[in-house]
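None of the values given here were measured: they were computed from a predicted structure. Remember, it's 1-based here, ligands and their atoms both numbered in the order they're listed. Basis for what follows: all heavy atoms, side chains included, without hydrogens, waters or symmetry-related copies.
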Amino acid sequence: MTDLDMRTPGALADAERWTAHNYHPLPVVIADAEGAWVTDVDGRRYLDFLAGYSALNFGHRHPGLIAAAHAQLDRLTLTSRAFVHDRFAEFCHRLADLCGKELVLPMNTGAEAVETGIKVARKWGYQVKGVPDGQAEIIVAADNFHGRTTTIISFSTDPDARNDFGPYTPGFRIVPYGDSDALAAAITPNTVAVLLEPIQGEAGVLVPPAGYLAGVRQLCTDNNVLFIADEIQSGLGRTGKTFAIEHEGVVPDLYLLGKALGGGIVPVSAVAADRDVLGVLKPGEHGSTFGGNPLACAVGTEVVKLLETGEFQQRSAELGARLHEGLHALVGNGVLAVRGRGLWAGVDIDPALMTGRQAVERLAAHGVLAKDTHGSTIRLAPPLVVTPADLDHALAQLAAIL
Ligand SMILES: *Cc1c(COP(=O)(O)O)cnc(C)c1O
């Protein structure tokens with residue numbers, strides 16, 4: 001095929017011409033997909049090792065999820081929360097049970113779940129803990145990623161995410177990730193919550209030191225502070241368990257969920273917590289036009305049903321062991337270090353060889369789509385439906401580009 005027969009260059013130029021340049025995508029124009037594989041507009045196939053930043057944990061167009069969406073499209077798609085619809089309670093009930101919590105508050109995007117967690121924690125602080133009005137503090141970790149709203153980027157330490165978007169929302173204290181002494185020192189009588197990713201995804205799939213999350217749990221309990229776990233990327237099977245925080249046997253006060261909760265079909269996010277926390281919200285105090293809509297609930301219910309089987313968590317644990325074994329074999333051969341859990345890995349490429357961006361460009365040329373993060377780190381997060389053969393294929397391509 002010559003360049004003239006190809007649709008990719010024109011499609012890339014059009015996207016460049018008509019859109020804000022707030023992303024720097026790989027030069028691949030995807031047209032359709034199934035499972036762990038995508039096909040571009042010129043018919044080339046790629047293994048998807050990003051999986052929509054874990055929004056596609058169940059793969060592209062999982063048949064059960066697509067069937068649930070189709071059935072709901074033919075019946076009812078939107079009511080707003082001014083009325084109740086017949087898919088609402090089942091979704092919230094099943095998700096609450098999956099989380100072991102009493103209540104669920106559905107939203108749409110991950111950032112909205114984070115915003116909801118912040119608002120709930122502040123209100124709980126004033127109404128239950130007795131923090132003086134306007135004084136609530138939330139402790140967060142350096143190098144966090146919790147989304148892109150003005151409040152959330154106010155406590156980001158990434159200059160790209162934050163610079164020139166001020167004035168910033170006050171009320172956040174930033175401590176180093178993985179250091180419970182620093183966290184203990186930051187707690188004051190006005191601290192209402194600690195907000196953390198159990199594994200920091202955007203930062204390079206950073207797994208905290210053993211005992212850290214349990215230590216944070218203890219500090220929160222001792223100081224009457226809420227522990228908010230942002231499991232938007234780490235949760236719902238990605239690490240080999242339903243929630244990444246389970247690896248340390250820790251139960252947070254609030255779970256923030258998103259990404260895979262929408263089955264790769266619609267944006268669905270949620271906050272799950274007990275009544276003594278989520279119960280602080282009264283009618284009119286928080287909401288969303290699309291939050292908990294019938295289509296979202298139909299897909300979300302099917303997602304929870306898939307997770308109830310435990311099959312995806314088990315796949316992630318087993319195939320994750322295979323992935324990490326394969327990646328560790330590359331350490332010393334162009335790879336400096338590998339981190340992660342389950343089907344989730346941060347791979348530090350030797351910067352003397354190439355940047356992370358160059359690595360993912362070369363991987364794409366070899367038919368594997370992944371994403372770099374800061375510097376020379378790339379992250380791998382295939383759909384949990386990936387086969388062992390696909391996994392081995394991707395590992396071979398990574399070895400080939402090094
Ligand atoms: C993606 C992500 C978010 C934000 O989700 P959006 O749907 O993009 O708003 C928040 N927290 C974590 C850990 C994420 O990975």
*Verify the distance criterion only: is there a donor paired with an acceptor across the side chains of D348 and T377 at less than 3.5 Å?*
yes
Output, or 'none' if empty, a list of ligand 1-protein atom pairs in which both atoms are N or O and the distance is under 3.5 Å, rounded to 0.1 Å.
from	atom 1	to	atom 2	distance (Å)
ligand 1	7 (O)	G110	N	2.8
ligand 1	9 (O)	G110	N	3.4
ligand 1	9 (O)	A111	N	2.8
ligand 1	11 (N)	F145	O	3.4
ligand 1	11 (N)	D230	OD1	3.4
ligand 1	11 (N)	D230	OD2	2.7
ligand 1	15 (O)	Q233	NE2	2.7
ligand 1	15 (O)	K259	NZ	2.7

*So E248 and R217, salt bridge (charged side-chain N to carboxylate O under 4.0 Å, His left out) or not? Walk me through it.*
CA-CA 10 Å; E248 283 207 24; R217 173 69 276 181; over 6 Å; no
*Stepwise, does the side-chain contact (heavy atoms from CB on, under 4.5 Å) test hold for I199 with H247?*
CA-CA 11 Å; I199 292 178; H247 288 281; 5.7 Å; no
Counting only pairs under 3.5 Å, give me each side-chain donor-acceptor contact of residues 387-395, with atom names and distances, residues two or more places apart or in other chains.
from	atom 1	to	atom 2	distance (Å)
T387	OG1	D390	N	3.0
T387	OG1	D390	OD1	3.4
T387	OG1	D390	OD2	3.2
D390	OD2	W37	NE1	3.2
D392	OD1	R322	NE	3.0
D392	OD2	R322	NH2	2.6

_R357: partners by side chain to side chain donor-acceptor pair (under 3.5 Å), with sequence neighbours left out_ = H24, E361
_Listed partners of R94 passing side chain to side chain donor-acceptor pair (under 3.5 Å), at least two apart_ = E90, E308
